[in-house]
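Everything below concerns the one structure shown next.
All chains are named by letter (A, B, ...) in the order of the sequence lines, taking the proteins before the strands, and each is independently numbered beginning at 1. Below, all heavy atoms of this structure are taken into account, side chains as well, without hydrogens, waters or symmetry copies. Everything quoted here is computed from the prediction, not taken from an experiment.
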Amino acid sequence: MLQQMKEYWKETISAQILEIARESGIDEALVKDVGELVVQTPPKPELGDLAFPLFPYAKLLRSAPAKIVQLVCDRLITKVGIDKDRILPAGPYLNVKIDVASLAIDLDKEIQDKKDRYGHTTLLKGKKMMVEFSCPNTNKPLHLGHLRNDAIGMSISRLLEANGAEVQKVNLINNRGVHICKSMLAYQKFGNGETPETHNIKGDHLVGKYYVRFATWEKEEKEASEQAQAMLKKWEDGDKDVLSLWSLMNKWTLDGVNETYQKTGISFDEYYYESDTYKLGRDIVHKGLEKGVFYKEPDGSVWIDLEPINLDKKVVLRKDGTSLYLTQDIGTAIQRHEKWPFDSLIFVVASEQSYHFKVLFYVLEQLGYSWAKNLFHLAYGMVNLPDGKMKSREGTVVDADDLIDSLTQLAKGEIISKSREGMVGDIDEVSSDIALGALNYYLLQTTATKDMIFNPDESISFSGNTGPYLQYMGARISSMLKKWEEMKNNFNDISFDASLLTLQDERELIKSIASFDTLVSLAAKEYNPSIITSYLYEISRLFSRYYHDHQILKAQTPELIKARVTLVKMLLQVLKNAYYVVGIPFLESM
RNA sequence: GCGUUCGUGGCUCAGCUGGAUAGAGCGGCGGACUUCGAAUCCGUAGGUCGCAGGUUCGAAUCCUGCCGGACGCACCA
């Protein structure tokens, strides 16, 4: 909503500059060459709400920027009839004080009307957007890297939806290949019939245990990896025993993984399985060969020349005619588009695969699929530990379930140490919501495309710039509004007078609430949830200070109480909507 | 070697579609709970924005080169 006000001022000021130029006999085209007027926020609130730097016009108008500012200010007052209190010239900057009271009144109406949908836009209305994320292997449980992937995928999906898109979340399960056979083989050798039930162990962890077991066995037994290869061959030939072991262990893993998804609030609209898709793409390649997109080497392998995109060449079909990772992905993309004709597809996959996706998109484009230009690889960065990479063979991989459990325990301890068990309702539920808030906020606050360092000590901290800090603001407001419910009957005949909200913090809060929609669309455009996490932190910090310095339910006059409560109600709705988009559970009490 | 990408206080990160003294959190030091929830707030110390050039009225932000790190460059997925 703030955007409209910005536009208004921008146009009004631009018009005056244009007229000044015209009066001095300067060609309008030259004014346009300078570019659009820039709107900024002054570094300090006392300087106004909006800032328009007028440096760029100095050369054109042959005058010092500050003089131009004066000139424009005079005209705004005399010709446009703008109240002179709204205009604050500051050297080369023309600053403006917007009408925050009327903004607050509009906001209040809008928020009451839209509620959970406040901040939503129509930017992507009518678009069908598919988001692929998570994509676990079925040979081990989820780890920290998946958690980042999941958090990003989930948040992006919600952001796209908030901007009006129809979203389908898809997961591709990597349930096939030598790595899967490795855990199967180890289980066959050392499993002794252990099941998740007999040993009371989560299925994915059980399978993961045998994957690790294979690695140690491989050191003693030279033929281990050959045996795994042989098993894969059997699997592909449809060997009954291998297949039944495979489906049993797959189920164990998937049950476990799904349990983790449930705990972390992750869900999908559609699951794809590599075992169903790995042969896909071959026919397409054959057709592409006829069309001349690909070429065949004497040994029978099929290639594509990537010279046009400054890369080498790449195999798309083995000499024995079987599919590769790339072939398969060509097939799945096409299959997906047939099943659900998306306008765009976003792959949330680690940045190590940038090359793969560059090639994939190019191939699809060459094959003539018009939608290929709307494929996007959201290449998120690695999660490292303070002393380096996570390495499975060094046992430094942070397990997803372990991490969540320990965060939950810590949250619970915190509740108990504050003697709040009695007030929070279901303590286990609240603890895990706090853990989730901490985790998702931690994972999303770093720009998705950058590598990040996961510091266990910091991630478990609940104070400072953390998820629980944000949740705490929601809880305090909720608690305050409960008290308000008890007293509000005394305020029935008082209406919301926004002009009473004159404190700097109040102005800032109103502007911040009003800018939410702009950030929701920006975050979606840039596929960047951290825009929302930063926003949440900033607005929470603002409120926290405000709340500390000023009384709300005990403000000086009933009118002021009403006005402040109205403001706080708006804030709570915005917080809730923003929490949702970044996967932070809202808590009435914590 | 080639390609992609990152380099901001002790640590972890914002800011990067150029603009007014570079922002936070953690950690350090010092304050604030008989008052709407102290998982909070306030103050303070701490930065040649990797280095060197360039473009510009103006560069952490754009361009070039260099240095350093990460990732990729399989008939693995």
Watson-Crick or G-U wobble mate for B/A24, both contacts under 3.5 Å: B/U12
A/Tyr535 and A/Phe516 aromatic centres sub-6.0 Å: yes
Distance, C1' atom - from B/C51 to B/G7, rounded to whole angstrom: 11 Å
Phosphate OP1/OP2 of B/A39 contacted by A/Lys418 side-chain N/O (<4.0 Å): yes
Any donor-acceptor pair under 3.5 Å from A/Tyr442 side chain to A/Asn455 backbone: yes
Minimum side-chain heavy-atom gap A/Val170-A/Phe133 below 4.5 Å: no
Rounded C1' spacing from B/A59 to B/U64 in Å: 15 Å
Glycosidic class, syn or anti, of B/C67 using a 90° window around 0: anti
Sugar-phosphate, base or nothing in reach of A/Gln551, heavy atoms under 4.0 Å: base
Residues touching RNA chain B, which here means a heavy atom under 4.0 Å, drawn from residues 522-536 of chain A: A/Ser534
Counterpart base for B/U35, defined by Watson-Crick or G-U wobble contacts under 3.5 Å: none
Presence of A/Ser479 side-chain N/O under 4.0 Å of B/G37 phosphate oxygens OP1/OP2: yes
Contact residues, residues 323-333 of chain A to RNA chain B [heavy atom, < 4.0 Å]: A/Leu324, A/Tyr325
Phosphate contact (B/C42 OP1 or OP2) by A/Tyr546 side-chain N/O below 4.0 Å: no
Side-chain donor-acceptor pair present, A/Thr138, A/Asn250, cut-off under 3.5 Å: yes
